[in-house]
Structures are given as C-alpha cells and as structure tokens.
Trainee: 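Here it is, the structure, as structure tokens.
Order of the sequence lines sets the chain letters (A, B, ...), proteins ahead of strands, with each chain counted from 1.
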Amino acid sequence: MEHIKIYNTLSKQKEIFSPINENSVSFYLCGVTVYDDCHIGHARAYVSFDVVRRFLEYSNYDVTFVQNFTDVDDKIIKRANELKISSDELTQKYIQHYYRDMDKLGVKRAHKYPRATKYIGEMIKLISTLIQKEIAYELHGDVCFSIDKFPDYGKLSKKVLEDLESGTRVEVDQEKRNPLDFVLWKKAKPEEPSWDSPWGKGRPGWHIECSAMAIKELGPSIDIHAGGIDLIFPHHENEIAQSESCTGKPFSKYWMHNGFVNIKNQKMSKSLGNFITLQEILTQYPGEVLRFYLIKSHYRSMLNFSPDGIDESKQALQRLHQTLKTVTNLDIPKDKVEEFARLETRFIEAMKDDFNTPEAIGVLFDLNKLINSSKAGVGLLRKLGGILGLFYDDVIDDDIEMTEELQLLLEKRNKAKQEKDFKTSDEVRDFLLTEYQLKIEDTREGVRLRRA
RNA sequence: GGCGGCAUGGCCAAGUGGUAAGGCAGAGGUCUGCAACACCUUUAUCCCCAGUUCGAAUCUGGGUGCCGCCUCCA
C-alpha cells in the first residue's frame, strides 16, 4: 500500500489521503469547552488524533495542527456564577488543567490553541456576510442560520431534513423560518459576558466559533477536521453549512471522528455524570499506560472502559519497557535485517490503513519477541513506539517513595538472604506485602518494589 | 418514530472472500533459596438461521442482543 488511507465521515469510506497542497496538512481539531476537568473520553479523542498527527509527520507531511478552546458558553457562565468567579477565571483554570493532563498522556502540543473569545470580530464578520447573502436572518436580537438556504445541509451526518423535523426532541421555536435553523449570535441576557455587534449586545452561538477560528488560522479550505463522533450532528454539520455558505469553498476535505468511551455499556459523558476524570485515573496509573490502553483499540470503534483493561495494558506495556531496558544493542543484526524489515513494513502498512493502532501494536509485540531472541535491534522498537507516542517515560512503575524505614527493611532482607536465613527474608517480604501493599522483586538490576 | 454502528477464545482486540494477528489471564518450561519479574512454548473456527461462491468470520437476506446520534457533549 502506497498511500495513507483515511476514513472520511463525509463519504463514509476510506479514501486515499491527498492533501490540498502537496506536502502540507492543515489539521483542525475540536477542543474542549473549558468549564470542567477532562475525562477519559476526552483523552481518547486527543490521544487518537495525536497519533494521526504523529504518523502524518512521520510520513513527512508538514502538519499545522490547530485545536480550539471553547471559552464562552452557557455551561461556563452557569458554572462561573455558581462559583462566584468570572468566566475568564474559570476557563483559565481548566485550560491549565487540560495542558497538565494531556502532557501526562504524551499528547504533543498544537501549534496554536485559539480561544473563542479572541475571535469575536471574525465571527461577526462571518455572520455579517451570511446576513448579506440572505442566508442568515435576525430574530429579536438573535441571528439564525437558515438551513433551507444551504442545499447540502445534512451531507455529513446523512440526515434527511424531513426526518429531523419530525423528531420529537427538537424544540420548536415557532418564529424560526425552519425549526432546525440554528443560532449564530445570541442576544445578551443580563449578567452574561457580551460583546457589541451590529445586532446589539450578545455572544456567539456554539458552532460559529470553529468556523471563524479554522478559517482565520488555516484558511477557507482545510485538509482534516476532527472531533468526537458526537460532534457530527449538529456541530460539524452546522460548521459546514455556515462556512461553505460564507466562502463558497469546501470547508474540509476529510472529516475524522473518534468513537466513544463507554462505561458499563453507557456513553461516558458529563451530562450523564458517569465520567472518570483524567486527574483521578492518572493518580492510579502512569499516563503512558492510559495512552496505551486507549490506542489498543481502533479509534473509530467503541471502547468499553474497565479498570481491568488498564491493568492488562500496564502489564503488556511493561514487557515492552523491559526489553527497552535490558536489551542495549540498538542495531539490527546483519543476518536478521530482512526479518526486522518485514515487521517494520507491517507496522507502517497497518498505520497507513486508517491508523490501525491495534494491528500496529500487535507488530510491536512480534518485534519484541524478535529483539529478545536476537538480543539486539531495540532501536526499531523505540522508533516505532515513538510513532504511537509511546516510551516517552522510561519508567512506567509508579513512583514508590523510598523511606528510611523501607530502606532498613530491604537491607535487613538482603542481609538475611546473604546468610541464607530465608525465614527472616520471607518474613520481611510478607511484612511489606501486608503492611505496605508492596511486592519485592529480585531483578537482575537489583531489588525492586512494586505496588501489589 | 427516523438514521447509524457493533456482535471473533475466560477477558481485551485485529482481520472483512482463500482457510483465525497480538495482548491479558491460564498451562508447561528456563531462571530463582522460594517467589515475583523477564524469556521460550502452548490454548478458538468467528451470535443464530437461510442464501451466493470451488471457497465466507469476511458478501446478501432474515432474526436476536448491545450501543450511539436525532438536545449540550470528545
């Protein structure tokens, strides 16, 4: 396979990836609304597309990666009011938390993190254009997008308008021209952050920000636009409608969407309240273990979260690390060049096929076996792991604080072992296990403590 | 009600027309005072029924079960 294939939500099939301009790739990823901590679902999205980005970069594309922060929104206003702080204070805090969590997961920083509130001017321009073109209309200080003016409406989500209209869950505002028309600009209510506009004080609707930021930072037509599967409708559908109506150009060539993280067979989401924050999980597991767990299944499939799964991942990842630690020869032995090359090809082919990380990880374990049996060639493992964003930490064991007491116990056991007083040495081991929940392992590199 | 996705060994998970990758757990072995770790070896015919085909987990039709979207959501 020569080309990278990407599953495009727009066509519902895998397509050969061919960016608009030769070697450069413009990549826009929908970021978080910063009113709360990120959970495992967010991690999946950002890790998934981090892998996509890394592989494109590995394939010599010059990637410009932009990811927004939504820092104006109903939930932000509500939360800020509850906490009696400003929206700005609230969003600053969670933006920092975002960086903190993603750094631990080894997610590369975007080239730019535009924030919605810094692009109000751009949004007003877009909305004005839409009004001029009579695609948008004012309604009591709000501005709505008239979906009937965009014939392609529904092309991303494959929705049929009539079906949507009959849906019982769509709240019908009688005055809208079409019940499905969405708000571009919201009239200000008292006590809310607001900006001046040709239509009076107000704030932007949700969808317009991404159009404004993507167009401003990456141009009217971008290569890849990505986000969670839940954003397909209405968010991305609306982005397409407003952007393409405005510029007259295709908004994004490829649309990529990651599947959900479920927990107990139910979508993990803030509204359902069944989420586990990254902060929580990252106190129990190293970031790399969670990363490994997430990319162990394909980014488009559903992932049913379970702690057992993470334990399993930890165990598996540890084997790779062990090889990295014990095999020191980076070079591939001369008589096994072909065998190594075959594995490398398999890995790259898997990645080229819509970023098949589970398959690629499978190859990593075959490679692991080959390296161990030939006691050499560990450089390739490090390289391929790097494409997946693994091995950024050399140690994945939890840090165990070496207290004086622990130190004494270990010395006592060592001494007993040397004197072949195994009764005492076993007592120390049992003691550590029951009192500290720590396991002792005698490795070639010496004694190691692990959490039981 | 409309639209879409999924169903592979005890668990997780690739494969999507040519006779089932990989991981975890389990078993056997090497190592070890014993363990653990690590390493080596080993373990399935793919939800059900009918059909297409020389050949299907992979295609078609019909079931059953689970999930998601249609409202803010990665």
Side-chain angles (χ1 to χ4, degrees), chain A residues 12 29-33 35-36 38-49 70 73-75 78 154 157-160 162-171 180 206 226-235 237 257-262 265-272 275 292-293 296-304 306 308-323 325-327 346 350 353 356-369 372-373 375 397 416-417 420-423 425-426 429 433 439-445 448 450 452:
Chain A
K12 296 197 72 178
L29 176 58
C30 276
V32 279
T33 301
Y35 72 101
D36 203 349
C38 286
H39 56 67
I40 298 169
H42 297 106
R44 184 173 197 204
Y46 302 121
V47 166
S48 295
F49 295 115
T70 298
D73 153 275
D74 288 346
K75 293 185 294 292
K78 186 168 168 247
S157 54
K158 313 291 184 267
K159 301 242 180 253
V160 179
E162 295 78 58
D163 297 338
L164 278 173
E165 285 168 31
S166 62
T168 50
R169 298 170 77 189
V170 179
E171 225 178 275
L180 290 169
W206 176 36
I229 198 169
D230 53 338
L231 296 182
I232 294 174
F233 191 89
H235 185 53
E237 193 70 70
H257 295 95
N258 67 276
F260 281 124
V261 173
N262 281 17
N265 256 325
Q266 225 189 10
K267 171 183 172 182
M268 183 182 289
S269 79
K270 289 188 184 170
S271 38
L272 289 171
F275 58 90
F292 185 87
Y293 172 69
K296 213 162 56 71
S297 38
H298 187 84
Y299 78 92
R300 281 192 284 115
S301 66
M302 186 203 82
L303 173 59
N304 211 351
S306 79
D308 287 350
I310 302 194
D311 286 332
E312 180 196 311
S313 293
K314 185 177 174 184
Q315 210 58 36
L317 184 58
Q318 207 146 46
R319 277 184 53 200
L320 264 21
H321 272 276
Q322 184 69 20
T323 303
K325 211 156 47 174
T326 52
V327 180
R346 263 178 62 203
D353 186 12
N356 193 337
T357 51
E359 176 88 39
I361 287 173
V363 177
L364 245 36
F365 280 93
D366 287 341
L367 178 61
N368 187 62
K369 195 174 287 183
N372 277 122
S373 62
K375 299 261 179 285
D397 282 325
K417 276 186 66 176
K420 300 210 187 292
D421 175 9
F422 299 122
K423 188 162 170 281
S425 68
D426 285 346
R429 184 161 64 195
L433 193 61
K439 276 193 294 190
I440 288 184
E441 289 173 8
D442 298 316
T443 68
R444 291 185 198 97
E445 292 82 36
R448 179 167 68 179
R450 297 180 65 196

Trainee: Using the ring-ring contact (aromatic ring centres under 6.0 Å, His included) criterion, which residues pair with A:Y35? Sequence neighbours excluded.
Mentor: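 Checked A:Y35 against ring-ring contact (aromatic ring centres under 6.0 Å, His included); zero matches.
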
Trainee: For A:G362 and A:G259, take the nucleotide of RNA chain B holding the closest heavy atom to each; which residue's nucleotide lies nearer the 5' end?
Mentor: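 Residue closer to the 5' terminus by nearest nucleotide: A:G362.
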
Trainee: Rounded to the nearest Å, what distance is computed from the CG atom of residue A:D36 to the P atom of nucleotide B:C72?
Mentor: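 Distance check: A:D36 CG to B:C72 P gives 18 Å.
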
Trainee: What's the NZ-P distance between A:K417 and B:A36, to the nearest Å?
Mentor: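 Computing the A:K417:NZ to B:A36:P distance gives 14 Å.
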
Trainee: P atom, B:A20 versus B:C6: distance in rounded Å?
Mentor: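 To the nearest whole Å, 24 Å.
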
Trainee: Under a 3.5 Å cut-off for both contacts, is B:A44 paired Watson-Crick or G-U wobble with anything, and if yes, with which nucleotide?
Mentor: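 Partner of B:A44: none.
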
Trainee: Quick one: salt bridge (charged side-chain N to carboxylate O under 4.0 Å, His left out) partners of A:R429, sequence neighbours excluded?
Mentor: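 Salt bridge (charged side-chain N to carboxylate O under 4.0 Å, His left out) list for A:R429, sorted by chain: A:D426.
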
Trainee: Looking at SG of A:C38 and CZ of A:R44, how far apart are the two atoms once the value is rounded to the nearest 0.5 Å?
Mentor: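 If we round to the nearest 0.5 Å, A:C38:SG and A:R44:CZ are 16.0 Å apart.
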
Trainee: Take atom NZ of A:K159 and atom P of B:C3, then tell me their distance rounded to the nearest Å.
Mentor: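 It works out to 10 Å between those atoms.
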
Trainee: Out of B:G33, B:A21, B:C69, which nucleotide sits closest to the side chain of A:K267?
Mentor: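 Selected nucleotide (nearest to the side chain): B:C69.
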
Trainee: Could you give the distance separating B:U32 and B:A38 at their C1' atoms, to the nearest angstrom?
Mentor: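 B:A38 and B:U32 have their C1' atoms separated by 12 Å.
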
Trainee: Which one is paired to B:G33, where only Watson-Crick or G-U wobble pairs with both distances under 3.5 angstrom count?
Mentor: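 Answer to the pairing question: none, since B:G33 forms no Watson-Crick or G-U pair.
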
Trainee: Please state how far atom CZ in A:F422 lies from atom P in B:G33, giving the value in whole angstrom units.
Mentor: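 So the CZ-P distance, A:F422 to B:G33, works out to 7 Å.
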
Trainee: Between B:G26 and B:U16, how many Å separate the two P atoms, rounded to a whole number?
Mentor: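 Per the computed distance, 32 Å lies between those P atoms.
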
Trainee: Find the partner of B:A20: check Watson-Crick (N1-N3 plus N6-O4 or O6-N4) and G-U wobble (N1-O2, O6-N3) distances, both under 3.5 Å, and reply none if neither fits.
Mentor: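 Per the H-bond distance test, none.
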
Trainee: To the closest 0.5 Å, what do you measure between NE2 (A:H39) and OG (A:S269)?
Mentor: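 One gets 6.5 Å once the value is rounded to the nearest 0.5 Å.
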
Trainee: Would you say the side-chain atoms of A:Y293 pair up with the backbone N or O of A:E312, donor to acceptor, closer than 3.5 Å?
Mentor: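 Absent.
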
Trainee: Got a sec: does the NZ of A:K158 have more than 12 other heavy atoms crowding it under 6.0 Å?
Mentor: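 More than 12 within 6.0 Å, yes.
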
Trainee: When the P atoms of B:G61 and B:G5 are considered, how many whole Å apart are they?
Mentor: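 About 12 Å, rounded to a whole number of Å.
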
Trainee: Measure the spacing between NZ of A:K75 and OG1 of A:T33 and express it to the nearest 0.5 Å.
Mentor: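 Atom-to-atom, A:K75:NZ and A:T33:OG1 are 5.5 Å apart.
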
Trainee: Can you list the residues that meet the side chain to side chain donor-acceptor pair (under 3.5 Å) rule with A:N372, with sequence neighbours excluded?
Mentor: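 A:T323.
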
Trainee: Output one line per pair: protein atom, nucleotide atom from nucleotides 39-42 of chain B, and distance, for all N/O pairs under 3.5 Å.
Mentor:
| from | atom 1 | to | atom 2 | distance (Å) |
| --- | --- | --- | --- | --- |
| B:C39 | OP1 | A:R319 | NE | 3.3 |
| B:C39 | OP1 | A:N368 | ND2 | 3.4 |
| B:C39 | OP2 | A:R319 | NE | 3.2 |

Trainee: Using both distances under 3.5 Å as the test, list the Watson-Crick or G-U wobble partner of B:U60, or none.
Mentor: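 Across all strands, the one nucleotide that pairs with B:U60 is B:A50.
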
Trainee: Does the structure show a Watson-Crick or G-U wobble partner for B:C6, both distances under 3.5 Å? Name it, or say none.
Mentor: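 Across all strands, the one nucleotide that pairs with B:C6 is B:G65.
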
Trainee: Once you apply the 3.5 Å cut-off to both distances, tell me the Watson-Crick or G-U wobble partner of B:A74, or none.
Mentor: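 Check on B:A74: unpaired, no WC or wobble geometry under 3.5 Å.
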
Trainee: Return the value, rounded to whole Å, for the distance between atom NZ of A:K420 and atom P of B:G33.
Mentor: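 My rounded result for the distance is 7 Å.
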
Trainee: Can you tell me the distance, in whole Å, between the CG atom of A:D366 and the P atom of B:A21?
Mentor: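 Atom-to-atom, A:D366 to B:A21, this comes out as 11 Å.
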
Trainee: With RNA chain B as reference, determine whether A:I440 or A:S269 sits nearer its 5' end, using the nearest nucleotide of each.
Mentor: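 That would be A:I440.
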
Trainee: Using a 4.0 Å heavy-atom cut-off, write out nucleotides 4-20 of chain B from 5' to 3' as B (base contacted by protein), S (sugar-phosphate only) or - (no contact).
Mentor: S------BBSSS-----

Trainee: Among all residues two or more places apart in sequence or in another chain, which pass the salt bridge (charged side-chain N to carboxylate O under 4.0 Å, His left out) test with A:E359?
Mentor: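 Residues passing salt bridge (charged side-chain N to carboxylate O under 4.0 Å, His left out) with A:E359: none at all.
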
Trainee: C1' atom, B:C47 versus B:G9: distance in rounded Å?
Mentor: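 To the nearest whole Å, 14 Å.
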
Trainee: Over how many whole Å does the gap from A:D230 atom CG to B:A74 atom P extend?
Mentor: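 After rounding, the gap between these two atoms is 6 Å.
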
Trainee: Nearest of B:G68, B:G33, B:A74 to any side-chain atom of A:D426?
Mentor: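 Closest of the options to the side chain of A:D426: B:G33.
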
Trainee: Please identify each residue that fulfils side chain to side chain donor-acceptor pair (under 3.5 Å) with A:Y46, with sequence neighbours left out.
Mentor: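 Side chain to side chain donor-acceptor pair (under 3.5 Å) list for A:Y46, sorted by chain: empty.
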
Trainee: Can you tell me which nucleotide in B:A74, B:A38, B:C67 comes closest to the side chain of A:N262?
Mentor: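 Within the option list, the nearest is B:C67.
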
Trainee: Atom CD of A:Q318 and atom P of B:C37: how far apart are they, to the nearest Å?
Mentor: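 Between P of B:C37 and CD of A:Q318: 9 Å.
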
Trainee: Is there a donor and acceptor pair, one atom on the side chain of A:R429 and one on the base of B:A36, closer than 3.5 Å?
Mentor: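 Absent.
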
Trainee: Which residues pass the side chain to side chain donor-acceptor pair (under 3.5 Å) test with A:D36, not counting sequence neighbours?
Mentor: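 Applying side chain to side chain donor-acceptor pair (under 3.5 Å) to A:D36 gives none.
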
Trainee: Could you measure between the two C1' atoms, the one in B:U60 and the one in B:A21, and give it in whole Å?
Mentor: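 Roughly 28 Å separates the two C1' atoms.
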
Trainee: So which nucleotide from B:G23, B:A74, B:G33 ends up closest to the side chain of A:F365?
Mentor: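 Given the options B:G23, B:A74, B:G33, the side chain of A:F365 is closest to B:G23.
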
Trainee: Contact class for A:E441 (heavy atom, under 4.0 Å): base, sugar-phosphate, or nothing?
Mentor: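 If one applies the 4.0 Å heavy-atom cut-off, A:E441 turns out to touch a base.
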
Trainee: For B:C48 versus B:U53, give the span between their P atoms, rounded off to a whole number of Å.
Mentor: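 Their P atoms lie roughly 22 Å apart.
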
Trainee: Using a heavy-atom cut-off of 4.0 Å across all strands, would you classify A:V363 as base, sugar-phosphate, or nothing?
Mentor: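 No contact at all - A:V363 keeps every heavy atom at 4.0 Å or more from the nucleic acid.
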
Trainee: How far does the P atom of B:G15 sit from the matching atom of B:C66, given to the nearest Å?
Mentor: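 These two P atoms come out 25 Å apart once rounded.
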
Trainee: A:T70: which residues meet the side chain to side chain donor-acceptor pair (under 3.5 Å) condition with it, sequence neighbours left out?
Mentor: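 Residues passing side chain to side chain donor-acceptor pair (under 3.5 Å) with A:T70: A:N68, A:E209.
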
